[in-house]
Asker: 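Below is the structure I would like to discuss, written out as structure tokens.
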There are 2 protein chains.
Amino acid sequence: MLGQQKHIKHMASSSHPSAPCAACKFLRRKCIQGCVFSPYFPPEDPTKFANVHKIFGASNVSKLLNEIAPHQREDAVNSLAYEAEARLKDPVYGCVGAISVLQRQVLRLQKELDATNADLIRFSSNQNIIMNPSSSSSGNALQNPNVLPPHYGNYSWNYNPN
Amino acid sequence: MLGQQKHIKHMASSSHPSAPCAACKFLRRKCIQGCVFSPYFPPEDPTKFANVHKIFGASNVSKLLNEIAPHQREDAVNSLAYEAEARLKDPVYGCVGAISVLQRQVLRLQKELDATNADLIRFSSNQNIIMNPSSSSSGNALQNPNVLPPHYGNYSWNYNPN
């Protein structure tokens, strides 16, 4: 959806080749054909470049884009814009604050899931006793694949901003 | 734990006031008293500044630090170092890739939790029928507070890098 919007904006930008892209307008320079910023910073969205420029600097973004395959540049610019916006909203933690929130949410959900699975095993054992009083409760009656621990990804962040 | 390590490093740095901090050494300038980088970029960890410099630029980091209260600067530098390292490892998605992984993990855990709660309600209803065959199963016999939906935080990221 976001990708589609960006594509539409890019198309809109391309339909006015004489209009400089938001980056060249911001940097007050001529937007030449083949400008590395032009496809990703349409003139209709000046804030996107302003944010990215303020946090990363135009030169760093330009270098980064030149090191990335063309088909991945739009995603790269959008992730930079996301990081820049998060850093402007929260200068101390930036989007690492979101990582911290999500990591705590994962831990809380895992704890809830463990508790619910324990309840389920208890119910299952009770039901076994009611239906078959002579059987012993093993506590492992329910082999629910949902109790498998989740994969935590490659990144970790141990700070707690709150 | 990480905070303690940083503090130890900072202490180590302070114990050699003549040694320039990693930032000043990298930028080949004199590390004067009151250097904004010195407390957070000890000479023992040159990579930390090199990464942050490559992604954000020394000037942007210096501006950012001057806009932040001194007691929050260490956290700010460490979150910048985390973002920089993530961007160097994954130039396209940076730490936004971690956000994407965590968001998918939250959704998966929530789905697992919903399924386990549904199992628990079914077990509870069955047990009611066995113990009290005349009672009707409401499906709401179990009022488990764990079924409450989680808070999803302020940030969202809709890209799927895979």
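What you are looking at is a predicted structure, and each value in this text was computed from that prediction instead of being measured. A, B, ... follow the sequence lines: proteins, then strands. Residue 1 opens every chain.
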Asker: Only counting residues at least two apart or in another chain, list the ones meeting salt bridge (charged side-chain N to carboxylate O under 4.0 Å, His left out) with R122(B).
Answerer: D119(B)
Asker: Within the structure provided, determine whether R87(A) and L80(B) are in side-chain contact (heavy-atom separation under 4.5 Å).
Answerer: yes
Asker: Check whether any side-chain heavy atom of P91(B) lies under 4.5 Å from a side-chain heavy atom of Q72(A), and answer yes or no.
Answerer: no
Asker: Please report the interatomic distance CD(Q110(A)) to CD(Q105(B)), rounded to the nearest 0.5 Å.
Answerer: 8.5 Å
Asker: Kindly compute the distance separating CD1 (I99(A)) from CD (Q103(B)), expressed to the nearest 0.5 Å.
Answerer: 10.5 Å
Asker: Has the side chain of T116(B) got a donor or acceptor atom that lies under 3.5 Å from a matching backbone atom of L120(A)?
Answerer: no
Asker: Decide yes or no for V92(A) and S79(B): does some side-chain heavy atom of the first lie under 4.5 Å from some side-chain heavy atom of the second?
Answerer: no
Asker: Can you name the nearest heavy-atom pair linking L109(A) to L113(B), along with the distance?
Answerer: CD2-CD2, 3.8 Å
Asker: Enumerate, atom names and distances included, each donor-acceptor pair closer than 3.5 Å involving a side-chain atom of residues 51-65 of chain A, sequence neighbours excluded.
Answerer:
from	atom 1	to	atom 2	distance (Å)
H53(A)	ND1	A58(A)	N	3.2
N60(A)	ND2	F56(A)	O	2.9
N60(A)	ND2	I55(B)	O	3.2

